[in-house]
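What follows is a single structure, written as structure tokens, with notes after it.
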2 protein chains.
Amino acid sequence: MKPPSSLDELIDALRCLPGVGPKSAQRMGYHLLQRDQPGARRLTAALGIALDRIRHCERCNSFSEEVVCAMCHSPRRDASLLCVVESPGDLLMVEQAQCYTGMYFVLMGSLSPLDGIGPKDIHLDRLLQRATDGVVREVILATNFTVEGEATAHYVGELLRAKGVRATRIARGLPVGGELEHVDSGTLSQAVRERREV
Amino acid sequence: MKPPSSLDELIDALRCLPGVGPKSAQRMGYHLLQRDQPGARRLTAALGIALDRIRHCERCNSFSEEVVCAMCHSPRRDASLLCVVESPGDLLMVEQAQCYTGMYFVLMGSLSPLDGIGPKDIHLDRLLQRATDGVVREVILATNFTVEGEATAHYVGELLRAKGVRATRIARGLPVGGELEHVDSGTLSQAVRERREV
């Protein structure tokens with residue numbers, strides 16, 4: 001006996017959430033209907049509204065409800081620094097680290113020729129235009145340290161250097177609190193190679 | 001800088017899902033908007049439809065889109081057996097174990113006087129009526145082995161015995177593949193006490 005079809009469809013639809021497999025989706029579907037219908041109603045509304053309202057900021061390309069987002073409008077941010085990240089989630093992580101007060105540019109992806117994602121798909125034309133506007137003095141490349149993220153940082157770095165814009169890359173090394181015994185050898189060898197004066 | 005307010009509300013609303021904390025909710029919200037808008041649209045629709053259509057079957061009290069669900073209608077099920085579970089999710093677990101072909105009654109909860117959940121809240125009047133309809137020969141109590149589930153099974157068992165209906169409880173013991181070394185002492189002592197002839 002299968003669950004009623006609308007519940008079955010709900011369970012299936014819940015699997016679009018990252019990290020949610022068939023078992024979790026089943027538990028979530030039953031939980032929503034049995035124990036938290038107000039929560040489910042609120043989620044339905046929130047999803048609909050977010051899908052309707054969220055667009056991309058014209059300047060930083062991150063999520064925004066306005067044409068230009070609040071951060072890009074803010075006079076408190078240092079407009080001479082531009083931090084390049086892959087996704088709005090990455091932007092939020094940098095913000096939550098409270099270590100940076102400059103501007104951002106969100107690529108919404110990374111270069112991946114095998115998946116057909118080229119320079120145009122990650123809006124490099126807009127990034128270049130932004131980086132050469134005369135205000136930006138330094139572009140900080142904060143893409144992931146994955147194969148795609150590294151390739152993207154390298155490619156963007158070359159582009160910027162050709163235009164005479166200073167490009168830097170965030171540091172790679174042991175995490176705070178990290179112990180040599182527990183770190184992978186790739187990270188450790190990078191940390192040794194990229195050692196700095198004390 | 002916070003995310004746009006509709007995204008913030010979506011992240012907050014996602015926390016109604018079981019096992020989803022602030023970090024996962026954030027990841028889910030960004031994922032849906034950045035990588036899976038079709039999935040998010042489908043989820044919105046599925047939630048709305050399920051909330052709208054799902055009600056409780058008049059006979060078994062489980063989720064159903066009809067007044068009486070397909071299982072209760074089915075001539076293939078053994079109407080002389082009635083299995084009592086706490087939730088529709090538990091019913092599904094018993095069904096997935098493919099060990100039972102009788103009927104069900106779903107309490108939609110368990111007795112919990114401290115939370116103000118009494119016999120009426122778990123529909124025991126309907127269960128008693130059902131169990132004494134002359135067709136049911138045995139009621140199998142398959143509530144959880146938690147304090148509330150045990151209390152519920154005990155209470156319902158007494159009610160049924162008083163009406164002359166046979167009540168049984170699913171077995172407690174070591175799980176299949178379980179090793180004595182790794183099982184908790186409560187389970188082990190129960191397994192010893194409830195040993196059976198071989």
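Numbers restart at 1 for each chain; the letters A, B, ... are given by sequence-line order, proteins then strands.
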Handout entry: Main-chain N/O of A:Ala70 paired to A:Ser74 side chain as donor or acceptor, under 3.5 Å
Key = no
Problem - CD1-CD distance between A:Ile54 and A:Glu65, expressed to the nearest 0.5 angstrom - result: 5.0 Å
Problem - Which of A:Leu14, A:Asp36, A:Leu33 touches chain B most, by non-hydrogen pairs under 4.5 Å - result: A:Leu33
Problem - SB check A:Arg77 A:Glu95 (cutoff 4.0 Å) - result: yes
Practice task
Carefully, step by step, assess A:Leu43 and B:Leu10 under the rule side-chain contact (heavy atoms from CB on, under 4.5 Å).
Solution key: CA-CA 7 Å; A:Leu43 179 56; B:Leu10 171 59; 4.0 Å; yes
Exercise for the section: May I ask you to check whether over 12 heavy atoms, not counting those of A:Gln96, lie within 6.0 Å of atom CD? Expected result: yes
Problem - Closest-packed option against chain B by number of heavy-atom pairs under 4.5 Å, given A:Val20, A:Ile49, A:Asp52, A:Leu17 - result: A:Leu17
Practice task
In plain terms, say whether A:Glu194 and A:Arg169 are close enough for a salt bridge, that is, a side-chain N and a carboxylate O under 4.0 Å apart.
Solution key: no
Fill in the blank from the handout: Among A:Ser62, A:Ala45, A:Ala40, A:Ser24, the residue with the most heavy-atom pairs under 4.5 Å to chain B is A:Ala40
Handout entry: Heavy-atom contact with chain B under 4.5 Å, split by part of A:Arg41
Key = both
Problem - Interface residue of largest heavy-atom contact number with chain B, from A:Arg27, A:Met108, A:His56, A:Arg15, under 4.5 Å - result: A:Met108
Completion exercise
Bottom line for B:Leu32: the part with an atom under 4.5 Å from chain A's heavy atoms is side chain
Practice task
Could you look at A:Asp12 and say if it's the side chain, the backbone, both or neither that has a heavy atom under 4.5 Å from chain B?
Solution key: both
Completion exercise
Per-residue tally against chain B (heavy atom, under 4.5 Å) across A:Met28, A:Arg53, A:Arg42, A:Glu66 peaks at A:Arg42
Handout entry: Among the listed options B:Pro18, B:Gly39, B:Gly109, the residue most often paired with chain A at heavy-atom distances under 4.5 Å
Key = B:Pro18
Problem - Portion of B:Ser5 that has a non-hydrogen atom of chain A nearer than 4.5 angstrom - result: both
Exercise for the section: Indicate yes or no: at least one non-hydrogen side-chain atom of B:Asp78 is less than 4.5 angstrom from one of B:Tyr100. Expected result: no
